[in-house]
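Since this is a predicted model, take the numbers as computed values, not measurements. Order of appearance sets the numbers: ligands from 1, and atoms from 1 within every ligand.
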Amino acid sequence: MDVLQAIQTRHSIGKVRPDGVPREVIEKLLDAAVQAPNHYHVRPWRFVVLTGNGRNRLGEVMAQSMKARFPQLNEEALDRERAKPLRAPVLIIVGVDVPSEPKVLEMENICAAAAACENILLAAHALGLAAKWRTGDAARDPAVKNFLGFGEDQPIVSILYIGYPDMIPDAAPRPGFEDRTRWME
Ligand SMILES: Cc1cc2nc3c(=O)[nH]c(=O)nc-3n(C[C@H](O)[C@H](O)[C@H](O)COP(=O)(O)O)c2cc1C
């Protein structure tokens, strides 16, 4: 699949089979990620790969954190939160380094990490995998960051859910670039 075809035909797929993904395939995704451009070659991305029980452990952190924030919630709601990381066999969480020198801007590091995320999505698609980029409250939750080994000031730009597809994606046509583009000479 060439890169333009991959870009045009990639769609988020949220429903995946429970089958695991071989480690060498996950490593191909990470290898694609680190080909992304980044300013000053700081490689600002940090990846946490969660599989197996790691997903349950994250779900427990998310549920406990939710309970602390909303003590009135019932067990059913907490169970729903607990189950979220189980929606795919592989989660790749992408965090960003806080710049350590003034010439490196946080915004540029975030852009680089986001480019790494898109590389993962495209590589997953090219390898026949399904993927969905999510964030939500969990990505901003200090308890989640702490569990994953991130500092509170480190942004999490994505929680990528990855597995083998179990649905045909909604391939609704995407609006074109025309109304978002101004040509200047
Ligand atoms: C930074 C970012 C955060 C996102 N967070 C969520 C999310 O939490 N939940 C969700 O359903 N979609 C989220 N999305 C959007 C989907 O992953 C998806 O890209 C969007 O629905 C468009 O579908 P497509 O990927 O098939 O074009 C996010 C996308 C980005 C770029």
Side-chain angles (χ1 to χ4, degrees), residues 1-17 21 26 29-30 32-38 44-50 55 58-59 61-63 65-66 69-70 77-78 80-98 105-145 147-148 150 152-181:
M1 185 184 294
D2 80 22
V3 69
L4 289 181
Q5 189 190 2
I7 290 168
Q8 292 288 340
T9 58
R10 182 208 62 81
H11 294 281
S12 292
I13 299 180
K15 193 164 182 284
V16 297
R17 302 203 308 262
V21 178
I26 302 172
L29 303 180
L30 297 169
V34 299
Q35 308 309 315
N38 62 107
W45 36 70
R46 298 282 164 169
F47 308 106
V48 180
V49 182
L50 286 186
R55 299 165 309 147
L58 173 62
V61 171
M62 287 163 57
S65 174
M66 187 177 238
R69 279 177 288 136
F70 307 105
L78 297 177
R80 271 199 302 277
E81 189 68 6
R82 211 171 261 123
K84 281 184 178 172
L86 304 178
R87 290 177 289 191
V90 181
L91 272 55
I92 300 180
I93 293 131
V94 184
V96 187
D97 280 345
V98 176
L105 304 182
E106 183 186 40
M107 195 266 281
E108 293 190 336
N109 278 0
I110 291 172
C111 290
C117 296
E118 177 71 352
N119 279 5
I120 292 176
L121 295 186
L122 290 172
H125 178 50
L127 292 167
L129 288 161
K132 186 164 176 74
W133 182 331
R134 297 182 189 273
T135 47
D137 287 346
R140 296 178 284 274
D141 185 339
V144 168
K145 290 185 182 186
F147 168 70
L148 296 171
F150 294 122
E152 271 191 36
D153 52 354
Q154 278 185 283
I156 289 176
V157 290
S158 67
I159 303 172
L160 303 174
Y161 283 70
I162 297 164
Y164 292 100
D166 197 19
M167 63 178 272
I168 307 218
D170 172 20
R174 296 171 174 132
F177 58 83
E178 292 82 359
D179 67 335
R180 292 290 190 266
T181 309

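Ligand-side atoms of ligand 1 in range of Arg174: 24 (P), 26 (O), 27 (O), range being under 4.0 angstrom from any heavy atom. Of all atoms in ligand 1, listed by their number and element, those nearer than 4.0 Å to a heavy atom of His11 are 26 (O). Atoms of ligand 1 found under 4.0 Å from any heavy atom of Gly136, numbered from 1 in the order shown, are 8 (O). Atoms of ligand 1 found under 4.0 Å from any heavy atom of Arg10, numbered from 1 in the order shown, are 24 (P), 25 (O), 27 (O).
Arg134 has its side chain out of reach of Leu160: every pair of non-hydrogen atoms, C-beta onward, lies at least 4.5 Å apart. Put simply, the side chain of Thr9 reaches to within 4.5 Å of the side chain of Met1, judged on heavy atoms. Contact annotation: the side chain of Arg140 approaches that of Asp137 to within less than 4.5 Å [non-hydrogen atoms, C-beta and beyond]. Annotation: side chain of Val49 is in contact with side chain of Leu30 (closest heavy-atom distance under 4.5 Å).
Comment: Arg17 does not engage Asp166 in a salt bridge, judged by the lack of any side-chain N to carboxylate O separation of less than 4.0 angstrom.
At the shortest separation from atom 1 (C) of ligand 1 among protein heavy atoms lies Trp133 NE1, 3.4 Å. At the top of the distance list for atom 24 (P) of ligand 1, counting protein heavy atoms only, stands Ser12 OG, 3.4 Å. With respect to atom 21 (O) of ligand 1, the closest heavy atom belonging to the protein is Lys132 NZ, 4.1 Å.
For the pair Trp133 (side chain) and Val157 (backbone), a donor-acceptor distance under 3.5 Å is present.
Nearest to atom 3 (C) of ligand 1 by heavy-atom distance, out of Ile159, Leu160, Thr135, is Thr135.
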